[in-house]
S.K.: 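First, the structure itself, so that you have it in front of you.
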Amino acid sequence: MKRILTIQDISCFGKCSLTVALPLFSAMGIEAVILPTAVLSTHTMFKGFTCKDLSDQLKPITDHWKQEGITFDAICTGYLGTEEEIDTVIDIIKNFRNENTLVFVDPAMGDNGKLYPAFDEHYAKKNASLCAVADIIDPNITEASFMTGLPYRENYDEDYVKELLLKLAQFGTKTPILTGVSLSDGKTGAMGYDAGTKTFFNYQNDRIPAAYHGTGDIFSSVLAGAFVLGIERTKALKIAADYTALTISETEKNPDKPWYGVDFEATIPALVDVLRELC
Ligand code: PXL
């Protein structure tokens with residue numbers, strides 16, 4: 001069984017970061033090891049959230065794993081807290097990676113042209129150094145524009161997306177993947193760049209006109225899981241994008257309209273079915 005280490009916060013209420021990564025990896029038949037970077041009462045889209053930083057625990061926890069000889073097929077990172085924490089996470093990646101370890105970084109820090117409340121532009125630039133040690137990164141257009149310094153655009157064409165991807169590849173990442181890329185009306189998906197073969201790849205599906213929090217974390221977890229399972233990259237993009245879209249449409253049926261997170265629990269059986277056919 002493949003084993004993933006996932007490094008991100010745990011928001012007790014709100015269905016994002018570790019509370020989606022952990023069940024999704026388990027459902028995908030992957031052993032999930034968690035390294036919580038902070039405990040929050042809710043994610044930061046709620047007012048008055050509490051936050052207990054766990055940065056000082058990261059080294060002792062991972063030192064213990066080293067002593068125990070624990071290894072990982074993949075290391076994934078998501079929402080982190082501070083620039084110092086990014087440095088610690090880079091050290092952890094260097095310490096645990098071998099030639100077969102897949103390093104997947106989701107530089108989760110913003111959306112819709114804005115950074116999340118806890119972050120500033122300096123933090124955004126610091127994320128570029130984390131992306132530099134990754135095999136795969138999957139920022140959205142907001143995160144990519146803050147990291148590269150290219151202007152954020154709401155209306156764009158394929159050339160803009162390719163320019164962002166080429167800039168991201170300059171950080172040193174082998175495979176940058178941009179999420180939330182819409183290349184025609186009514187469609188949305190993701191486009192990636194393989195710096196080794198200098199080729200672009202892309203998957204688009206129907207856009208569901210609804211916005212919920214946490215969909216980026218769901219897409220990332222399923223995408224990272226699919227890569228770890230050895231699924232070919234365009235198929236991996238399709239699995240992650242289709243699962244996210246299915247989950248959004250399922251959530252649309254919920255009369256409570258839970259803006260804070262999607263009903264991914266209801267669509268886990270469909271994800272398992274897709275993977276059962278492939279693996
Ligand atoms: O979904 C990304 C995310 C993860 N963790 C925390 C967040 C957010 C987005 O707002 O606040 C704590």
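One-based numbering, in listed order, for ligands and for the atoms of each.
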S.K.: For atom 11 (O) of ligand 1, which protein heavy atom lies nearest, and how many Å away is it?
M.R.: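 The closest one turns out to be Thr44 OG1, 2.6 Å.
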S.K.: For the pair Phe46 and Phe13, name the ring-plane relationship: parallel under 30°, tilted 30 to 60°, perpendicular over 60°.
M.R.: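 Correct class here is perpendicular.
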S.K.: Flag yes if more than 12 heavy atoms outside Lys235 fall under 6.0 Å of its NZ atom; otherwise flag no.
M.R.: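 No, NZ of Lys235 has 12 or fewer neighbouring heavy atoms, counting only those of other groups under 6.0 Å.
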S.K.: Establish, yes or no, whether the cationic atom of Lys66 lies under 6.0 Å from the six-membered ring centre of Phe96 and within 45° of the ring axis.
M.R.: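 Yes, Lys66 lies over the aromatic ring of Phe96.
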S.K.: Considering only heavy atoms of Cys16, which atoms of ligand 1 have at least one such atom less than 4.0 Å away?
M.R.: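 Those of ligand 1 that fall under 4.0 Å from Cys16 are 1 (O), 4 (C), 5 (N).
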S.K.: Does Ala108 reach ligand 1, in the sense of a heavy atom lying below 4.0 Å from it?
M.R.: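 No, Ala108 has no heavy atoms under 4.0 Å from ligand 1.
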S.K.: Can you tell me if Asn254 and Thr251 form a side-chain donor-acceptor pair at under 3.5 Å?
M.R.: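 The criterion, which ignores hydrogens and geometry beyond distance, is not satisfied for Thr251 and Asn254.
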S.K.: As an exercise, identify every atom of ligand 1 less than 4.0 angstrom from a heavy atom of His213.
M.R.: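 Contacts of ligand 1 toward His213, numbered from 1: 1 (O), 8 (C), 9 (C), 10 (O).
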S.K.: When you measure from the centre of the six-membered ring of Phe201, is the NZ or CZ of Arg233 under 6.0 Å away and within 45° of the axis?
M.R.: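 Yes, Arg233 and Phe201 form such a contact.
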S.K.: Based purely on interatomic distance, does Asp9 place a nitrogen or oxygen under 3.5 Å from a nitrogen or oxygen of ligand 1?
M.R.: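 Such a contact does occur with ligand 1.
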S.K.: Give me the residue, atom name and distance of the protein heavy atom closest to atom 2 (C) of ligand 1.
M.R.: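 Here the closest protein heavy atom is Asp217 OD2, 3.3 Å.
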S.K.: Salt bridge or not between Asp135 and Lys174? Use side-chain N to carboxylate O under 4.0 Å.
M.R.: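 A salt bridge is present here (some side-chain N lies under 4.0 Å from a carboxylate O).
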S.K.: Taking the six-membered ring for Trp and the single ring otherwise, decide whether the centroids of Tyr123 and Tyr116 are under 6.0 Å apart.
M.R.: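 No, they do not, as the ring centres are separated by 6.0 Å or more.
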S.K.: Within the structure, does Tyr116 bring an N/O atom to less than 3.5 angstrom of an N/O atom in ligand 1?
M.R.: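 Such a contact does not occur with ligand 1.
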S.K.: Contact between Ser11 and ligand 1, counting heavy atoms under 4.0 Å?
M.R.: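 Judged by the 4.0 Å heavy-atom criterion, Ser11 does count as contacting ligand 1.
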S.K.: Can you sort out which atoms of ligand 1 are near Leu40, meaning under 4.0 Å from one of its heavy atoms?
M.R.: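 In order of numbering, the contacting atoms are 12 (C).
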S.K.: Just going by heavy-atom distances, which of Phe46, Tyr260, Tyr79 is nearest to atom 8 (C) of ligand 1?
M.R.: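 Ranked by closest heavy atom to atom 8 (C) of ligand 1, first place is Tyr79.
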